[in-house]
Amino acid sequence: MSKNLGQWDKAKRDGRKMTMITAYDCAFARMADVAGLDCVLVGDSVGMMVAGDANTLCVSLEQMEYHTRIVARAVSRALMMADLPFGSFEESPAQAFASAARLIRAGAEIVKLEGGAPMVETVAYLSARAIPVCAHIGLTPQHVHQFGGFKRQGKTQEAATRLLDDAIALAAAGARMVLMEAIPSELATRITQRVEVPTIGIGAGPGTDGQVLVLHDVLGLNPDKAPGFARAYMNGAALIHEALTQYAEEVRANIFPE
Ligand code: KIV
């Protein structure tokens, strides 16, 4: 799959599912690129996965620039997406443009920002100024305090209607993709049918145009913290534990080096 965003629109028209995964460093980004993932997302989940924070709110624009730069070095084929972190875009469209431009210069080809209706003006502003945007709605982790935790969204009729309206407005404002996190499957399917741009789901069922997961969840590196909707495709924590203990044992037993 080409990096061209037009290919994503075509994939939606053709009913071909798109794949996205997070990456925060060069080694894993290269593996994701070589494995054929369509998009690598430098997510602000870096704060939780790499820095050990309890949520994503502490992540700075400088951190995102650094991780975007090192991931971009490894990605030659997949689309490069990077998150605008909390506090770097909400004040005004001009603030969002200045922050997004820094991520684009660091190697991002599209930026993702969290929020519904209040972000419509910002999405239009960025889109009119050469910055492709992915709009992230539903369980937007930067709103964790407002939500009172990492809670599923769109459960009531009213909330579902609001999310549908938000998605339509964000797409109309120029968002090139809509990412939906932890919302009911039927709602995500409905939104996917109503908007012309590709939708990406995480914990939103099988009806979206593509899926995204956090790298550490896919590799089974944080089995105790992974959300219920994630799937581990390997038991990374156990495999790494085995390798590290074996290395230490062999050094202590004078087996390594030979
Ligand atoms: O930061 C992130 O990893 C994300 C995904 C959960 C979509 O935004």
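We count ligands from 1, going down the list as the structure has it; atoms in each ligand are counted the same way. Because the structure is a prediction, the values reported are computed rather than measured. Residue numbers run from 1 in the order of the sequence given.
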(request) Evaluate ring pair (Phe, Tyr, Trp, His ring centres under 6.0 Å) for Phe150 paired with His143, printing each intermediate quantity in order. (result) CA-CA 9 Å; Phe150 295 104; His143 298 82; over 10 Å; no

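Using a 4.5 Å heavy-atom cutoff, the side chains of Leu103 and Met64 are in contact. You'll find the side chain of Asp209 stays beyond 4.5 Å of the side chain of Lys17, heavy atoms only.
Ligand 1 places these atoms under 4.0 Å from at least one heavy atom of Ile202: 6 (C). Ligand 1 places these atoms under 4.0 Å from at least one heavy atom of Asp83: 1 (O), 2 (C), 8 (O). Near Glu181, the atoms of ligand 1 lying under 4.0 angstrom from a non-hydrogen atom of the residue are 6 (C). Within ligand 1, counting atoms from 1 as listed, the ones closer than 4.0 Å to a heavy atom of Lys112 are 4 (C), 8 (O).
For atom 5 (C) of ligand 1, the closest non-hydrogen atom on the protein side is Leu41 CD2, 3.9 Å. In this structure, atom 3 (O) of ligand 1 lies nearest to the protein heavy atom Ser45 OG, 2.5 Å.
Asp9 approaches Pro198 most closely through the heavy-atom pair OD1-CD, 3.4 Å. Scanning all heavy atoms of the two residues, the minimum distance from Ser45 to Thr22 falls at OG-CG2, 4.1 Å.
Contacts between Thr22 and ligand 1, counted as non-hydrogen atom pairs separated by less than 4.0 Å, involve the side chain only.
In summary, the side chains of Tyr66 and Thr68 do not present any donor paired with an acceptor at a separation below 3.5 Å, with no hydrogens or angles considered.
Taking distance alone, with nitrogen or oxygen atoms compared against 3.5 Å, Glu114 stays at or beyond that limit from ligand 1.
Ligand 1 lies within reach of His136, whose nearest heavy atom is under 4.0 Å from it.
For the side-chain contact (heavy atoms from CB on, under 4.5 Å) test with Leu113, the passing option among Leu179, Thr122, Leu170 is Thr122; the others fail.
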